[in-house]
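Since the structure is predicted, the reported quantities are computational estimates derived from the model, not experimental observations.
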Amino acid sequence: MAKNDTVYKFNDFGEKIAVKQTSRPILPPKGQPADTFIPPQSMGIDLPGSEKRKKTRSSGKRRGIKAVAEIKRSADFYDSFDFRSEFELEKKQTVEKLEKPQEEPSRQRRKKKQRTRSAAEQKVEIPERVKAKQENPPRQSGKKTAADIKTVPPQMMTGSTYLSNHHSVKRTPLKIIPLGGLNEIGKNMTVFECANDIFIVDCGMAFPDSDMPGVDIVLPDFTYVEENADRVRGVVITHGHEDHIGGLAYLLKKINVPIYATGLTIGLIEGKLREHELSNVQLNTVKPRQTVKLGCMAVEFIRVNHSIPDAVGLAIHTPAGIIVHTGDFKVDYTPIEGGVIDLARFGELGSRGVLALMADSTNAEKPGHTASQRTVGASFEKLFDKAEGKRIIVATFSSNIQRIQQIVTHAVRCGRRVAVFGRSMINVINTATELGYLKIPEGVLIDIEEMNRFPADKVVLITTGSQGEPMSALTRMAMNEHKNVTITPHDFIIISATPIPGNEKFVTKVINELMRSGATVVYEEMYDVHVSGHARQEELKLIQALTKPKFFIPVHGEYKHLKRHAEVAYSMGMSENSVIIASIGDVIETDGVDMRVTGTVRAGRVLVDGLGVGDVGSIVLRDRKHLAEDGLIVVAVTIESTSGEILAGPDIVSRGFVYVRESEEIIEGARGLLTQTLRKCTDGNIRDWNTIKTKIRDDLSDYIFMKTKRSPMILPIIEEV
C-alpha cells in the first residue's frame with residue numbers, strides 16, 4: 001500500500017470516515033522479487049506491537065465518538081421534549097451500509113488480484129494458524145456488524161415471549177418512592193427523584209378504618225418531602241378525586257410548590273385551598289399531549305377515561321428512560337364527556353421504548369372489560385320511569401360529575417326539579433358548572449328551602465352518603481336526623497356507587513334503615529346503577545401490550561390487587577424479575593438497565609382529627625379503642641400530705657363499664673380493696689404519687705377482672721392537702 005493511499009471505515013453509528021495511511025510501507029526481504037512478496041497483513045498476520053497500537057487507537061476513537069454522541073443526546077434531551085431518540089435512525093443507516101457491498105477502489109482490486117495470482121503461481125504455503133485466522137477472523141472490540149445490530153440483547157428480553165423496545169443503556173439513576181397508594185385504598189402519592197430534582201405525582205387522602213375511632217381523614221407522611229423541600233420542582237395531579245387531591249392542602253401548608261393539573265382538577269383544588277385559606281399557590285392548567293419540564297425530568301399528560309372528566313395518565317421522561325404512569329383509568333369508547341383514551345400515544349411510547357409501567361390495580365381481580373358509563377344512563381331511564389309518583393333520591397360520589405350529568409338529564413326528561421344535599425356535592429357541582437363540565441338548564445336546580453314548594457313526584461334529590469359515612473346527608477336521612485328530609489314509603493332511593501373496601505357494613509346499615517322507613521331502595525347488585533372507573537384485566541392487558549415495558553410496578557390497590565395485577569403481567573410474558581410489588585416507603589431505583597428496591601424512607605399515615613393534624617398517634621388510638629371496648633373507671637382519693645392519712649374516698653366513678661346503681665356489690669368491694677391498698681402505702685411510708693397510682697391501678701384491675709372478666713381503663717386521681 002502506498003504511503004498516501006486513503007481507506008474508509010465506519011464508526012459505531014454507520015458514518016463513513018476517512019483514515020489516512022501513515023505507516024511506512026513494508027518491503028520484501030532482500031533477494032525476494034517484489035511481485036512475489038505477500039504483505040503479512042494480507043494473510044491476517046500482525047506485526048509485533050501493531051495490534052496493541054491498533055487497539056489503543058481504535059478504543060480511544062470509539063470512546064471519543066461515544067462521548068460525543070452521549071453529549072449530543074443529553075443536549076437534545078434538555079432542549080426538546082419530543083424525546084425521539086436518534087438511535088433508531090442511526091441504527092437503520094448502519095444496517096443499510098453494512099449490508100450493502102462495499103466497492104473497493106480499482107487500484108486495490110488490481111493489487112489484490114495480482115497478489116492472489118502470484119501466491120498461486122509461487123505456491124506459497126500459508127501456515128495453518130494463518131488459515132484458521134482467515135476463516136474465523138477475531139472480532140475487534142467495538143466493531144459492529146449488521147447481525148450485532150439486529151440481534152436483541154438478552155437483557156432486553158423480560159420473558160420467554162415478552163419483548164420490550166427499551167434500549168438497555170446505563171444512565172443517570174432514577175428513584176421512585178411511593179409514599180401512599182400501595183397495599184391500601186387511597187392517599188395516593190409517589191415521589192420521582194433524579195439527580196437534584198424531585199417532583200410528586202398526586203397527594204391524596206383516605207377514609208379512616210373502623211380501628212380509628214374519632215379520626216376524620218388519613219394523610220400520607222410528608223416527612224421525606226419536607227426534608228427535601230428545596231429540591232421539589234412541583235406536584236403533578238392525575239385527576240380530581242379525593243384520594244388524589246385530598247391531602248394537597250395539608251402538603252402546601254408545609255412546602256409551597258407549583259401544581260400542574262387539567263382544568264377541572266385545578267377548579268376542584270382551588271375550592272379546597274379556599275377552605276384552608278391558602279391563596280399564594282401557583283396553579284398551572286395543562287392539557288393532554290402537553291409536556292411540562294420539572295428539572296432534569298419532563299412530564300407529558302395523556303388523556304385517559306375515568307369516572308371524572310379531565311383525567312390523565314403520565315409519560316415521565318427521565319435520563320434513565322420513559323416511565324408510564326396510567327393514573328386511575330379505564331378504556332371507555334363512548335364516554336359521557338371528553339374524548340376517548342389516547343391509546344395511540346401509549347402505543348407510540350411503547351414503540352420507542354418504555355422503561356417501566358406503573359398501572360392502576362383497583363380492578364385487577366375482575367376479568368373482562370369495564371362497562372361504559374352510558375350503561376348507567378340506560379338504567380336511570382328505566383328506574384326514573386318506574387319511580388313515577390314518588391320522590392327520587394340518588395346517592396353518589398360528589399366528584400362523579402358524569403353521573404350527576406346523567407341524573408340531571410333524566411330529571412329534565414321527566415319534568416322534575418333537582419335539589420342538592422351535602423357540602424362537598426354542592427361545591428363540586430358549582431365548580432363543574434362554572435367551568436362548563438356540567439350542563440344544567442336554567443330553572444332546574446333549586447335550593448333546599450324551595451324543595452317543599454314542589455310536589456314530591458316532581459323532585460329529584462342528589463346527595464352524598466353512598467359509602468354510609470356517619471355524618472353524610474343520606475345517613476342522617478336514614479336515621480331520621482336530617483332537618484329537611486324525612487324518609488317515607490313515597491321515596492324511591494338509588495345508591496349509585498360501589499362500597500369502598502371496608503365500608504360494606506356502613507352501607508348495609510344505611511340500606512336497612514331506609515327500608516325500615518318503607519322506602520324503595522335500589523343499589524348496585526339489583527340494577528346497573530353504577531359502573532367502575534377502573535380498568536379490568538383485559539384493559540390492563542391492552543395497556544401492557546401497547547407500552548411493552550421492560551419493568552412493571554402495579555400501583556393503586558391493596559396487596560391482593562397488586563398481586564393479581566402482577567399475575568396478569570406474567571400471563572403477558574413478563575418474568576418475575578421484571579415485576580416489582582413494592583410497599584410505601586420503598587426506594588425503587590433504576591439506571592435504565594436494572595430496577596430494584598435499594599432502601600426505604602420514612603412513610604406511613606398521619607391522622608387528622610378536627611383541626612389536629614398528626615396529634616392522634618398510636619397511643620391515642622389504643623386508648624380510644626380501649627375505652628370503646630371496656631369503658632373507664634375513675635378512682636378519686638384525698639390524702640393528708642404530712643401523715644398520709646385518707647381524708648376522703650376512695651370514690652369510684654364508672655363510664656362505659658357498669659351502671660353503678662345496678663352493680664353496687666362490685667363497687668363496694670372495689671372501694672374496700674382500695675382502702676386497704678392506700679393504708680399499706682401509708683404504713684410503708686410511700687409518698688410518691690406515681691407509685692401509689694400504680695398500686696391502685698394494679699390491685700383494682702385484678703379485682704375487676706376476677707369479678708367480671710373485663711379490663712376497663714383505670715384512671716387514679718390523688719389530691720393531697
Side-chain angles (χ1 to χ4, degrees), residues 336 374-398 400-430 432-434 438-469 471-497 507 510-524 526-530:
I336 300 298
R374 293 191 182 273
T375 59
V376 177
S379 297
F380 277 153
E381 182 177 0
K382 297 176 182 177
L383 292 172
F384 274 51
D385 292 340
K386 186 177 180 180
E388 186 177 358
K390 293 186 177 182
R391 179 174 60 181
I392 298 176
I393 302 175
V394 184
T396 188
F397 290 112
S398 60
N400 199 332
I401 295 173
Q402 297 175 353
R403 189 73 45 79
I404 296 171
Q405 182 66 71
Q406 290 175 307
I407 297 169
V408 171
T409 299
H410 289 288
V412 172
R413 179 180 63 85
C414 298
R416 293 175 181 257
R417 299 292 194 277
V418 177
V420 180
F421 291 85
R423 183 171 56 89
S424 61
M425 181 72 74
I426 294 173
N427 293 338
V428 170
I429 289 179
N430 290 337
T433 304
E434 291 174 4
L438 187 60
K439 299 174 178 60
I440 303 177
E442 188 176 353
V444 173
L445 198 63
I446 60 175
D447 293 333
I448 299 174
E449 290 75 14
E450 299 180 291
M451 181 182 61
N452 295 327
R453 293 169 47 190
F454 297 89
D457 59 349
K458 294 298 180 182
V459 174
V460 175
L461 309 183
I462 305 178
T463 181
T464 57
S466 60
Q467 298 302 306
E469 303 95 321
M471 298 304 295
S472 66
L474 185 64
T475 301
R476 287 185 282 121
M477 294 177 192
M479 303 303 171
N480 199 24
E481 297 174 354
H482 200 284
K483 63 179 181 179
N484 298 107
V485 180
T486 302
I487 301 299
T488 69
H490 296 288
D491 287 321
F492 191 91
I493 302 172
I494 303 172
I495 301 178
S496 182
V507 175
V510 170
I511 292 173
N512 289 334
E513 294 301 323
L514 292 171
M515 288 183 172
R516 290 182 195 278
S517 300
T520 302
V521 183
V522 176
Y523 45 98
E524 184 190 10
M526 302 170 62
Y527 295 92
D528 293 327
V529 293
H530 176 72

Quiz item: Of all heavy-atom pairs between Asp491 and Ile487, which one has the smallest distance, and what is that distance?
Solution: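 In terms of heavy atoms, the two residues are closest at OD2-CA, 3.3 Å.
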Exercise. Rounded to the nearest 0.5 Å, what's the gap from CG on Asp447 to CD on Glu450? Could you check?
Key: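 Here the rounded value is 5.0 Å.
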Self-check item: Euclidean distance, Phe380 CZ relative to Ile407 CD1, rounded to 0.5 Å
Solution: 4.5 Å
Exercise. Report yes or no: does Thr463 contribute a side-chain atom to a donor-acceptor pair with the main-chain N or O of Ala395 at less than 3.5 Å?
Key: no
Quiz item: Heavy-atom distance under 4.5 Å between the side chains of Met451 and Val485, does that happen here?
Solution: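 Yes, their side chains come closer than 4.5 Å.
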Practice problem: State, to 0.1 Å, how close Ile336 and Gln406 come at their nearest heavy-atom pair, and which atoms those are. | Solution: CD1-NE2, 3.6 Å
Quiz prompt | Expected output: side-chain Arg417 to main-chain Phe454 donor-acceptor under 3.5 Å | solution =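 No; judged by distance alone, with no hydrogens or angles, the pair does not exist.
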Practice problem: Return yes when atom CZ of Arg423 has more than 12 non-hydrogen atoms of other residues, nucleotides or ligands closer than 6.0 Å, and no otherwise. | Solution: no
Exercise. Evaluate side chain to side chain contact (heavy atoms under 4.5 Å, CB included) for Leu461 paired with Val394, printing each intermediate quantity in order.
Key: CA-CA 6 Å; Leu461 309 183; Val394 184; over 6 Å; no
Quiz prompt | Shortest non-hydrogen contact between Thr520 and Lys390, atoms and distance | solution =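 The pair with the smallest heavy-atom distance is OG1-NZ, 3.3 Å.
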Exercise. Give the C-alpha distance, both sets of side-chain angles, the deciding distance and a yes or no for side chain to side chain contact (heavy atoms under 4.5 Å, CB included) between Asn400 and Val428.
Key: CA-CA 9 Å; Asn400 199 332; Val428 170; over 6 Å; no
Practice problem: Give the ring-plane orientation class for His410 versus Phe384, where under 30° counts as parallel, over 60° as perpendicular and anything between as tilted. | Solution: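 It falls in the tilted class, 30° to 60°.
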Exercise. To the nearest 0.5 Å, tell me how far Gln402 CD sits from Gln405 CD.
Key: 9.5 Å
Quiz item: If every non-hydrogen atom of Ile401 is compared with every non-hydrogen atom of Leu438, which pair is closest and at what distance?
Solution: O-CD1, 4.0 Å
Quiz item: Between Arg413 and Asp385, does at least one N-O distance fall below 4.0 Å, as a salt bridge requires?
Solution: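 Salt bridge flag = yes for Asp385 with Arg413.
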Quiz item: For the residue pair Ile404 and Phe397, what are the closest heavy atoms and their distance?
Solution: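 That would be CD1-O, 4.5 Å.
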Self-check item: Minimum side-chain heavy-atom gap Val420-Leu445 below 4.5 Å
Solution: yes
Practice problem: Kindly indicate, with the supporting measurements, whether the criterion side chain to side chain contact (heavy atoms under 4.5 Å, CB included) is fulfilled by Leu474 and His482. | Solution: CA-CA 8 Å; Leu474 185 64; His482 200 284; over 6 Å; no
Exercise. Could you walk me through whether Ile495 and Val522 pass side chain to side chain contact (heavy atoms under 4.5 Å, CB included), step by step?
Key: CA-CA 6 Å; Ile495 301 178; Val522 176; over 6 Å; no
Quiz item: NZ/Lys386 to CD/Glu381 distance, rounded to the nearest 0.5 angstrom?
Solution: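 Those atoms lie 14.5 Å apart.
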Quiz item: Is a side-chain N or O of Arg391 found less than 3.5 angstrom from the main chain of Val460, in a donor-acceptor match?
Solution: no
Exercise. Measure the CD1-CZ distance between Ile462 and Phe421 for me, rounded to the nearest 0.5 Å.
Key: 10.5 Å
Practice problem: Please report the shortest heavy-atom distance between Val408 and Pro441, naming the atom on each side. | Solution: CG1-CD, 4.3 Å
Quiz item: Measuring from Leu383:CG to Ile392:CD1, what's the distance to the nearest 0.5 Å?
Solution: 8.5 Å
Quiz item: Does the Ser517 side chain pair with the main chain of Ala519, one donor and one acceptor, at a distance under 3.5 Å?
Solution: no
Quiz item: In this structure, which one of Ile511, Ile493, Ile494 forms a side-chain contact (heavy atoms from CB on, under 4.5 Å) with Tyr523?
Solution: Ile511
